[in-house]
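As a basis for the values below, the full set of heavy atoms in this structure was taken, side chains included, without hydrogen atoms, waters or symmetry mates.
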Amino acid sequence: MRTHYCTDVNENNIGETVTVAGWVNSRRDHGGIIFIDLRDKGGIVQLVADPADCKEALEVAETVRDEFVLIATGKVRARGEGLENPNLATGKIEIILEKLVIENKSKPMPFDLNDEKVNDEIKLRNRFLELRSAKMLDIFKLRSKAAIQVRNTLDELGFLDVETPILTKSTPEGARDYLVPSRVHGGEFYALPQSPQLFKQLLMVSGFDKYFQIAKCFRDEDLRADRQPEFTQIDVEMSFCDQEDVIKVAEKVIYDVFTKCGKTVSETFPRMRYQDAMETYGSDKPDTRFEMPLVDVIDIFANSTNEIFSSIAKDKKNNRIKALKCPNGDNIFSKRQMKGFEDYVRKFGAKGLGYFQMKEDGLKGPLTKFFSESDLEEIIKVTELAVGDVVFFGAGDKKTVWDYMGRFRLYLAETMDIIPADLFSFLWVVDFPMFEIEDGRTKALHHPFTMPKSLEDTSDLEAIESIAYDIVLNGTELGGGSIRIHKEEIQSKVFELMGISDEEAREKFGFLLDALQYGAPSHGGFAMGLDRMIMLLAGTDSIRDVIAFPKTQKAQCLLTGAPSPVDAEQLKDLSLRIRKNVEA
């Protein structure tokens, strides 16, 4: 049907007759001669309908409108002097039409493909049209290139691509499962996998040694910019390995993908302990493209005459008082902005936000009256203040302080526009706690199949560390993993500490516990979000941009109308009945 893609036509084809096909990007009538920019997956080429060359082609061109589908045949010629377009790959040539066929017409477009300000709902309802834009095509070329490189790298490293079930058993993995009712087994349900975690461990028990999969995962949780109900992850597992082996493979995959996509990154990445990340950045996924660390000042505030600070400082195990220096903040922020900062942190549990301003004659601010001169000098020293700086203080229980001061650090950096946009800053966060306690309930911080470093002392569950690691890029958790529990007695002990009874463990994980009793090798692995990786590679701020047909923040597909009701007969086959007006 065609001899060339649009951008395959170049100066070497001058004098040749070619056939191209695509969509009308634009049409211009210059007094009887019509110019058409034809677009396909490669880009744009200019067509010229001149009555001196082909009157019939001109007659067809007069009826053409934007986004019509055309098949065009003509002779390639050089553009006239001064008429070249340096912005196009085909800007030195044009095609003089000898034949023009309208393969299909198009209704007027509901939005301009190149308008970034179009309402998201309109774009999602017409996603098949939005995908025509050059921006979206470039993103999906990038995604394809990255996915192919992942496969090539892991294949070279000896990993076997194995698919695991989509219909599986519901197990507690930290988020709600999407459930699928069974027609054959009325009243029973499959679950869509939150990850292939259990299956890839079983494959290690099976002796597969090295497994990978670019896997679809499903989680019924509240959505945000980097989260969708269904997403894709690079899933990897290997036997007879330790943390160093796994990290080496992950770094190789990342390096190969990013360099293949034209980015410059290091072959290895720095590491930071979880505890240090929380104390220094208030986050287990810190953005290290800029400085502004949190500084511990609880010992200085213990001397304060302010009872709130001094009482908080008495419990150094559970409480924190953190300082955050904002360079030149006194010269940047107005009093109104300073007030707004307190309103911001209160949204995340802060009781307030103290601050000092560094003036020529020392610290100033409403809190100075509670401190001696020597303590004020110590604050200047430990936070390394210079004239014009502002230092903010957060105080309270450690988890709350970590959270809001970590968020505030990012908020300030974004407000001051000091985060480099063209930098890829990777970081491994290691030595995660094995457990976290919320509302008196013990939960696994990663998942319950993570190998603890030791279970000899269980007096303080939150002090037990695991062999777990996350890879962070520019403040986004790209992925993570762990060395797994491969001995049944350790797995049973972890379940016991989490308050999972033997009966519950057998019911939910019996197949895994059984497998661990049949010569399970030591093993570990990682999973990385492919969508998040492409989002960062493409420089966009939402994974929705890098998923062909995404959902909204309410988990709806505006294109197809999913989720949608089904008829009564289908429900009957599944032994289901819809109860309306049931209180949550």
>> Quick one: does any side-chain atom of Asn474 pair with a main-chain N or O of Ser425 as donor and acceptor, under 3.5 Å?
In response: yes
Taken in chain and number order and not counting sequence neighbours, the residues that satisfy side-chain hydrogen bond (donor to acceptor under 3.5 Å, both in side chains) with Thr383 are none
Smallest heavy-atom separation, Ala527 atom then Asp235 atom, equals CB-OD1, 3.5 Å
Applying side-chain contact (heavy atoms from CB on, under 4.5 Å) to Ser133 and not counting sequence neighbours gives Leu113, Lys135, Met136
**OP:** Test Phe392 against Phe341 for ring-ring contact (aromatic ring centres under 6.0 Å, His included), laying out the working first.
**Re:** CA-CA 10 Å; Phe392 297 95; Phe341 294 154; 5.7 Å; yes
What do the steps show when you test Val345 against Arg407 for side-chain contact (heavy atoms from CB on, under 4.5 Å), and what is the final call? CA-CA 8 Å; Val345 296; Arg407 292 174 185 269; over 6 Å; no
Check this for me: does any side-chain nitrogen of one of Glu438 and Arg441 sit under 4.0 Å from a carboxylate oxygen of the other? no
Residues passing the side-chain hydrogen bond (donor to acceptor under 3.5 Å, both in side chains) test with Asp343, sequence neighbours excluded, are none
message = Before you tell me yes or no, could you show the steps for Leu124 and Arg544 under side-chain contact (heavy atoms from CB on, under 4.5 Å), namely the whole-Å CA-CA distance, both residues' side-chain angles and the distance that decides it to 0.1 Å?
response = CA-CA 10 Å; Leu124 288 175; Arg544 196 168 66 187; 3.8 Å; yes
Only residue of His486, Gln201, Lys200 satisfying side chain to side chain donor-acceptor pair (under 3.5 Å) with His523 is Gln201
Tell me whether Arg143 is salt-bridged to Asp531, with the criterion being a basic N under 4.0 Å from an acidic carboxylate O. yes
Review point. Should Lys359 and Asp330 count as an ion pair when the cut-off is N to O under 4.0 Å?
Key: yes
Can you tell whether the side chains of Glu121 and Arg125 come within less than 4.0 Å, N to carboxylate O? yes
For this session: Anything under 30° is parallel, anything over 60° is perpendicular, the rest tilted; go ahead and classify Tyr411 against Tyr344.
Result: parallel
The side-chain hydrogen bond (donor to acceptor under 3.5 Å, both in side chains) partners of Asn331 (sequence neighbours excluded) come to Asn328
Scanning both residues in full, the closest heavy-atom pair of Ala250 with Met528 reads O-CE, 4.4 Å
task = Determine whether the side chains of Glu378 and Ser374 contain a donor N or O and an acceptor N or O closer than 3.5 Å.
result = no
What one should report as the nearest heavy-atom pair of Leu427 and Pro286 is CD2-CG, 3.5 Å
Electrostatic pair Asp403-Lys399, nearest N-O below 4.0 angstrom: no
Next item on the list: Check step by step if ring-ring contact (aromatic ring centres under 6.0 Å, His included) holds for Phe159 and Phe212.
Entry: CA-CA 6 Å; Phe159 285 80; Phe212 87 95; 7.1 Å; no
Sorted by chain and number, sequence neighbours left out, side-chain hydrogen bond (donor to acceptor under 3.5 Å, both in side chains) with Arg484 holds for Glu237, His447, Ser482
- Item | Aromatic plane relationship, Phe356 with Phe371 - under 30° parallel, 30 to 60° tilted, over 60° perpendicular | perpendicular
Which of Phe432, Tyr469, Phe435 passes ring-ring contact (aromatic ring centres under 6.0 Å, His included) with His446? Answer is Phe432
(Q) We want to know whether Gln233 and Ser195 form a side-chain donor-acceptor pair, criterion being a heavy-atom distance below 3.5 angstrom. (A) no
Going through the checks in order, is the side chain to side chain donor-acceptor pair (under 3.5 Å) test met by Asp545 and Ser542?
CA-CA 6 Å; Asp545 294 336; Ser542 172; 5.0 Å; no
- Stepwise salt bridge (charged side-chain N to carboxylate O under 4.0 Å, His left out) test for Asp287 and Arg409: CA-CA 10 Å; Asp287 191 335; Arg409 173 182 176 268; over 6 Å; no
Using only heavy-atom distances, determine whether the side chains of Asp375 and Ser372 contain a donor-acceptor pair under 3.5 Å.
yes
- Query: Can Phe526 and Ile471 be said to form a side-chain contact (heavy atoms from CB on, under 4.5 Å), step by step?
  - Reply: CA-CA 9 Å; Phe526 65 87; Ile471 183 64; over 6 Å; no
Discussion item. Would you say that Asp470 contacts Lys285 through its side chain, given a criterion of any heavy-atom pair below 4.5 Å between the two side chains?
Written reply: no
When every non-hydrogen atom of Ser304 is compared with those of Ser310, the smallest separation belongs to O-CB, 3.8 Å
Residues Phe301 and Ile321: closest non-hydrogen pair is CB-CD1, 3.5 Å
Glu279/Lys398 ion pair, N-O < 4.0 Å
no
Taking every heavy atom of Gly352 against every heavy atom of Arg346, the minimum-distance pair comes out as CA-NH2, 3.9 Å
dist Ile419:CD1 -> Leu410:CG (nearest 0.5 Å) comes out at 6.0 Å
Across all chains, not counting sequence neighbours, the side-chain contact (heavy atoms from CB on, under 4.5 Å) partners of Ile122 are Phe111, Val118, Asn119, Asn126
List the steps, then state whether side-chain contact (heavy atoms from CB on, under 4.5 Å) holds for Val297 with Val391.
CA-CA 11 Å; Val297 291; Val391 61; over 6 Å; no
> So does Lys248 pair up with Glu251, basic N to acidic O under 4.0 Å?
Replying inline: no
For Glu244, is there an ion pair with Arg271 - N to carboxylate O distance below 4.0 angstrom?
yes
So CG of Leu530 and CZ of Phe231: to nearest 0.5 Å the spacing works out to 11.5 Å
d(Phe449 CZ, Gln197 CD) to nearest 0.5 Å is 7.0 Å
From CA spacing to verdict: ring-ring contact (aromatic ring centres under 6.0 Å, His included), Phe333, Tyr355: CA-CA 13 Å; Phe333 302 124; Tyr355 67 89; over 10 Å; no
